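For reference, the structure is listed below as structure tokens.
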There are 2 protein chains.
Amino acid sequence: MKQITKYVIKNSLKRIFLYRACLVRLRMMGVERVFSYTLGNETGVTPDQVRKDFSEFSIKGNKRGGYEIDELLSTMESIFHRNKDHNIVLVGMGNMGQSLSKYSRFVQRNMNIVATFDIDPFKQKMRSDIPVYTMNRLKEIIDRFKVKVAIVAVPEISAQEVTDELIRHGIKGIINFAPVLLKVPPEIVVNNVNLSDELESVIYYVHNLLKADGQKNIEYYTRL
Amino acid sequence: MKQITKYVIKNSLKRIFLYRACLVRLRMMGVERVFSYTLGNETGVTPDQVRKDFSEFSIKGNKRGGYEIDELLSTMESIFHRNKDHNIVLVGMGNMGQSLSKYSRFVQRNMNIVATFDIDPFKQKMRSDIPVYTMNRLKEIIDRFKVKVAIVAVPEISAQEVTDELIRHGIKGIINFAPVLLKVPPEIVVNNVNLSDELESVIYYVHNLLKADGQKNIEYYTRL
DNA sequence: CGTATTTTGTGATTTGTTTCACATCAAAAT
DNA sequence: ATTTTGATGTGAAACAAATCACAAAATACG
């Protein structure tokens, strides 16, 4: 039973990511504790919102002493299942795929691309730290590395087909760089990243801001 | 007066992008008109929502006859200022920057990267369709091509510095791939794209969905 | 030509999210 | 030991977004 089910990161979760990035930075600078006020200032979020978000994820602070950063970070790690490593497969070693396969920040966050796949046999001879396989080894790799999440970076035309195959072999979550809406069963999580849309939306905002001439005309965009 | 002002694409605008992508596909398949019901089905949005969104952007259809796709698309083009070309600069020719410089979908949508910049003189000798310059030619290029929007794909550490320089030379909108929150004046539009966060959120959802075991536990994510 | 049908367009209602306001607690000061 | 201070945590209020429901319009059909 295939259908379109797009999940969108909830704003509160997006902000938790934001807080974490900020906390990591503060911690490296030697800071040990933060107040909702500090963290809010640093992330462009109101202190109320910070506390509400923490409340949603049952994160507790000290009534006067604020939040201890180390504690906050380890709570967040467990929220995000960052304790363990996560094995990922990447399908499509074109321009974007190759770049993603080298993207070091995934590794920094314990997300390891264990293998990549491409139909082009030429790509398979490419020198690369991560092996490039044909699609027929997909099942083997997914099983061996207990892979649950895949990156789809194939051309638009083959995205659905690849997705179907991934799901058939046990993939539960997909981040999709192809500009198509994938049809998947409702229990499968899909996160679409469309770089053209992102860039185009900046252009759109710039034009409409310029028209409104400095005056903050918050009509078609909202503040996170 | 620098501050953190993150703009997030409003959901209705995101959906307009979605509709457009879908309409382009339908048009290529020879379809000439759609109903809110059809379009909604195709995009995973309720028909009501489709009509509400169109209403927000003052897009009109024909009572009973639905919407003519060509007309819809041309209305959207003018909403998105797609009539004219848009010149973009890209700063940072590392892994991600190189990939973005070759990203053909930007060109397909009239968004042209006219020049790229990198501090590394070695990168400047790289063979590439788009010229790679040193940062000191930034102003010249921005003025010559009337560039309003920039892509920031530099390492975290230099992102703020680069951003300041871009704004000083007249850039009004930035799409930022560095995982930092840029501090900018309120009239500047920043759109942050954080690929690690996007991937990590998929992992998060997958884990929490699996825990809920098939039952759609829509707690930390929402349907668009 | 008039009636039935289908689909839009939009107020009214519901649902969800953010901001406000203040009780509560912990630490510091007296 | 008591008061003051400064922060959290969370219901209540305000605001925003999505859904509902139905009037209005265009077409089809008898």
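Chain identifiers are assigned alphabetically (A, B, ...) following the order of the sequence lines, protein sequences preceding nucleic acid strands; residue numbering begins at 1 within each chain. Just so you know, these numbers come straight off a predicted model, no measurement behind them.
Here Y67(B) lies in heavy-atom contact (under 4.0 Å) with sugar-phosphate atoms only. Backbone-only engagement by G61(B) is indicated by non-hydrogen atom pairs under 4.0 Å involving sugar-phosphate atoms exclusively. Contact annotation for D48(B): base contact, defined as any heavy-atom pair under 4.0 Å involving a base atom. Contact annotation for K60(B): backbone-only contact, meaning every heavy-atom pair under 4.0 Å involves sugar-phosphate atoms and none involves a base.
Distance N62(A) CG to dT5(D) C1': 17 Å, rounded to the nearest Å. As rounded to whole Å, 15 Å separates atom C1' of dC15(D) from atom CG of N11(A). Straight-line distance from the CD atom of E68(B) to the P atom of dT27(D): 12 Å, rounded to whole Å. Protein atom CG of L39(B) is 13 Å distant from nucleotide atom P of dG9(C), rounded to whole Å. Taking atom CZ on R51(B) and atom C1' on dT7(C), their separation rounds to 7 Å, with Å as the unit. To the nearest angstrom, P of dT17(C) lies 8 Å from CD of E56(A). Going from atom CZ of F35(B) over to atom P of dA25(D) covers 19 Å, rounded to whole Å. One atom, CG of D53(B), and another, P of dT19(D), lie 10 Å apart when rounded to the nearest Å.
Salt bridge K146(A)/D85(A): absent, no basic N to carboxylate O contact under 4.0 Å. Here E156(A) does not pair with R25(B) in a salt bridge; the nearest charged N to carboxylate O distance is not below 4.0 Å.
Under 3.5 Å, the side chain of R64(A) and the base of dT5(D) form at least one donor-acceptor pair of N or O atoms.
Remark: Q49(A) is not in phosphate contact with dT17(C), judged by side-chain N or O atoms under 4.0 Å from OP1 or OP2. Distances shorter than 4.0 Å separate some side-chain N or O of S36(A) from OP1 or OP2 on dT8(D). The phosphate of dT10(C) has OP1 or OP2 within less than 4.0 Å of a side-chain N or O from S55(B). R15(A) has a side-chain polar atom (N or O) that falls below the 4.0 Å cut-off from OP1 or OP2 of dT18(C).
For CD of E32(B), the number of neighbouring non-hydrogen atoms (other residues, nucleotides, ligands) closer than 6.0 Å is 12 at most. Atom OH of Y37(A) sits in a sparse spot, with 12 or fewer heavy atoms from other residues, nucleotides or ligands closer than 6.0 Å.
Applying the salt bridge (Lys or Arg N to Asp or Glu O under 4.0 Å) test to R33(A) and every residue at least two apart in sequence or in another chain returns nothing.
Nearest-nucleotide positions on DNA chain C place K63(B) closer to the 5' end than the other of K52(B) and K63(B).
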